[in-house]
Amino acid sequence: MSLRVVFLGTAGSIPTLQRSLPAIAVQRKGELILFDCGEGVQRQMISAGIGFHRKTKIFITHMHGDHVLGLPGLFQTMSLLDRERKLEVYGPSGIRAFVEATQQTVQFTLTFPIEVFEIEDPSVVCKEREYEVHAIWVDHVIPSLAYALTEKPRPGKFHPEKARSLEVPEGPLWSKLQHGSAVELPNGRVVNPEEVLGPPRPGRKIVYTGDTRPVKNLAEFAENADLLIHDATFDDELWEKAREDGHSTPSQAAETAKRAGAKRLVLTHISARYKESSLLLEQAKKVVPRVDVAEDFMKIDLPLSDV
Ligand SMILES: [Zn+2]
Ligand SMILES: [Zn+2]
């Protein structure tokens with residue numbers, strides 16, 4: 001089952017010809033999970049071939065314009081395309097007033113309901129059957145959240161020979177066991193999934209920091225992440241400016257990735273001063289081997305592990 005991350009916007013604060021404002025799309029089983037919503041996000045979605053009608057949740061890290069001003073335009077485009085499905089928007093204090101103000105002042109007819117979840121006390125902010133989204137406060141110049149999308153463990157590998165030896169008839173009962181439910185055989189005996197399945201297989205984990213200085217609790221939050229997407233607005237030489245503006249440098253992001261044991265690091269929110277990204281990449285590579293600097297429309301597929 002695919003889990004694809006598409007970087008729709010990778011700029012920091014000011015868009016450039018190469019980089020749009022922050023927005024990261026995660027595509028999972030036909031659902032779209034969007035982290036941040038920079039201006040022009042709908043045009044980036046069109047370029048990336050991401051539709052406007054699917055089940056969608058949007059998680060906003062903080063109320064700086066570069067992360068949130070894409071919402072009104074996205075709402076309007078979705079309405080012009082007659083979206084009917086509910087849209088969920090999550091974010092810190094202010095997100096509700098912003099969404100309401102948009103609806104009260106910008107003149108278009110919204111064709112779908114928007115449910116806003118204002119996060120005051122971050123922990124598990126969204127629970128779905130197969131995954132959860134967790135949030136923590138990070139350290140920016142205004143209240144700002146990091147998010148983790150964590151899939152629940154999947155039932156272990158199904159062993160047909162074990163099912164046969166327990167005389168479970170092939171068909172719907174096999175399917176139930178494969179999905180982790182106990183079944184009752186025609187002779188009244190109950191077979192538990194553990195009798196025919198291997199050990200549970202881990203789900204995947206994606207962590208997005210939003211804008212932040214290096215902060216201690218992030219390493220724990222991103223523990224064993226398959227992908228850590230981290231602010232690296234300025235290069236290491238500009239660490240004082242990064243600290244002042246509430247951002248991180250590549251080596252700081254990489255240190256967090258290393259402490260977290262993250263399998264892969266992607267640097268994003270790249271300042272307009274960097275015309276090309278090799279300097280940022282070099283600085284992070286001194287600390288962790290598996291790192292990329294995000295570019296607009298870069299795609300990362302995270303396969304399921306069979307371990
Ligand atoms: Zn920003
Ligand atoms: Zn910011």
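Treat the numbers as computed from the prediction; the structure is a model and nothing was measured.
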[X] (side chain) donor-acceptor with [Y] (main chain) under 3.5 angstrom:
X    : Y    : answer
T16  : R19  : yes
S47  : R43  : yes
K205 : E223 : yes
Q44  : G40  : no
R201 : P155 : yes
E118 : G94  : yes
R213 : R243 : yes
E151 : G203 : no

[atom1]/[X]: more than 12 non-hydrogen atoms of other groups inside 6.0 Å:
X    : atom1 : answer
H53  : NE2   : yes
E295 : CD    : yes
K258 : NZ    : no
L81  : CG    : yes

Give the cluster check for [X] versus [Y]: same hydrophobic cluster or not, with ILVMFWY residues linked at side-chain heavy-atom distances below 4.5 Å.
X    : Y    : answer
L110 : I95  : yes
F35  : V266 : yes
L69  : I46  : yes
V133 : I206 : yes
I119 : V68  : no

Any side-chain heavy-atom pair of [X] and [Y] under 4.5 Å:
X    : Y    : result
Y147 : P122 : no
P214 : S248 : yes
F117 : V125 : no
V89  : E115 : no
L74  : M45  : yes

side-chain contact (heavy atoms from CB on, under 4.5 Å) between Q27 and I50, worked out: CA-CA 9 Å; Q27 294 171 284; I50 297 173; 3.8 Å; yes

Rounded to the nearest 0.5 Å, what separates atom [atom1] in [X] from atom [atom2] in [Y]?
X    : Y    : atom1 : atom2 : value
L80  : F75  : CG    : CZ    : 13.5 Å
I270 : K275 : CD1   : NZ    : 12.5 Å
Q107 : Q104 : CD    : CD    : 11.0 Å
H159 : S165 : NE2   : OG    : 11.5 Å
I114 : E100 : CD1   : CD    : 10.0 Å
E84  : L87  : CD    : CG    : 14.0 Å

Please test E130 against K152 for salt bridge (Lys or Arg N to Asp or Glu O under 4.0 Å), starting from the C-alpha separation and ending with a verdict. CA-CA 6 Å; E130 294 184 353; K152 295 179 185 171; over 6 Å; no

Shortest non-hydrogen contact from [X] toward [Y]:
X    : Y    : answer
D235 : T249 : O-CG2, 3.6 Å
Q42  : G73  : NE2-O, 3.1 Å
C37  : A23  : CA-CB, 4.4 Å
A219 : A260 : O-CB, 3.2 Å
P143 : P92  : O-CG, 4.4 Å
V207 : A222 : CG2-CA, 3.8 Å

Going through the checks in order, is the side-chain contact (heavy atoms from CB on, under 4.5 Å) test met by D296 and F7? CA-CA 5 Å; D296 283 19; F7 291 84; 5.8 Å; no

Going by an N to O cut-off under 4.0 Å, is there a salt bridge joining D226 and K263?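 Salt bridge: yes.
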
Under 4.0 Å between a Lys/Arg side-chain N and an Asp/Glu carboxylate O for D301 and R4?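 Here D301 pairs with R4 in a salt bridge, since their nearest N and O are under 4.0 Å apart.
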
Show the atom names and distances, to 0.1 Å, of all donor-acceptor pairs under 3.5 Å that link a side chain in residues 282-293 to residues at least two apart or in another chain.
from: Q283; atom 1: OE1; to: D236; atom 2: N; distance (Å): 2.7
from: D292; atom 1: OD2; to: R264; atom 2: NH2; distance (Å): 3.2

Would S277 and L281 count as a side-chain contact (heavy atoms from CB on, under 4.5 Å) if you check the C-alpha gap in whole Å, the side-chain angles of each, and the deciding distance to 0.1 Å? CA-CA 6 Å; S277 55; L281 190 63; 5.6 Å; no

So if I apply the side-chain contact (heavy atoms from CB on, under 4.5 Å) rule between [X] and each of [options], which one comes out positive?
X    : options          : answer
I33  : T56, I24, V26    : V26
T209 : L228, T268, I229 : L228
L3   : L304, L227, L302 : L302

Apply side-chain contact (heavy atoms from CB on, under 4.5 Å) to the pair T256 and H230, showing each step before the final yes or no. CA-CA 9 Å; T256 298; H230 202 298; 4.1 Å; yes

Mind checking who shares a hydrophobic cluster with L173, ILVMFWY linked at side-chain heavy-atom distances under 4.5 Å?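 The other cluster members (ILVMFWY side chains, heavy atoms under 4.5 Å, direct or chained) are F158, L166, V168, W174, L177, V183, L185, V191, V196, L197.
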
Expected list for residues 57-64: side-chain donor-acceptor pairs under 3.5 angstrom, two or more places apart:
from: K57; atom 1: NZ; to: E31; atom 2: OE2; distance (Å): 2.7
from: K57; atom 1: NZ; to: E128; atom 2: OE2; distance (Å): 2.9
from: K57; atom 1: NZ; to: Y131; atom 2: OH; distance (Å): 3.0
from: T61; atom 1: OG1; to: D36; atom 2: OD1; distance (Å): 3.0
from: T61; atom 1: OG1; to: D36; atom 2: OD2; distance (Å): 3.0
from: H62; atom 1: ND1; to: S144; atom 2: OG; distance (Å): 3.3
from: H62; atom 1: NE2; to: H64; atom 2: ND1; distance (Å): 3.2
from: H62; atom 1: NE2; to: H140; atom 2: NE2; distance (Å): 3.4
from: H62; atom 1: NE2; to: D211; atom 2: OD2; distance (Å): 3.2
from: H64; atom 1: ND1; to: H140; atom 2: NE2; distance (Å): 3.2

Using the six-membered ring wherever Trp is involved, compare the ring planes of H247 and F234 and label them parallel, tilted or perpendicular (cut-offs 30° and 60°).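 Correct class here is perpendicular.
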
Which of these passes side-chain hydrogen bond (donor to acceptor under 3.5 Å, both in side chains) with H269: D66, D231, T10?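 Only one of D66, D231, T10 forms a side-chain hydrogen bond (donor to acceptor under 3.5 Å, both in side chains) with H269, namely D66.
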
No-hydrogen, no-angle side-chain donor-acceptor test under 3.5 Å, Y90 and E88: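 There is such a pair (donor and acceptor under 3.5 Å, judged by atom type) between the side chains of Y90 and E88.
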
Both conditions, 6.0 Å and 45 degrees, for the charged tip of R83 above the ring of F52: are they met here?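 Cation-pi check for R83 and F52: fails.
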
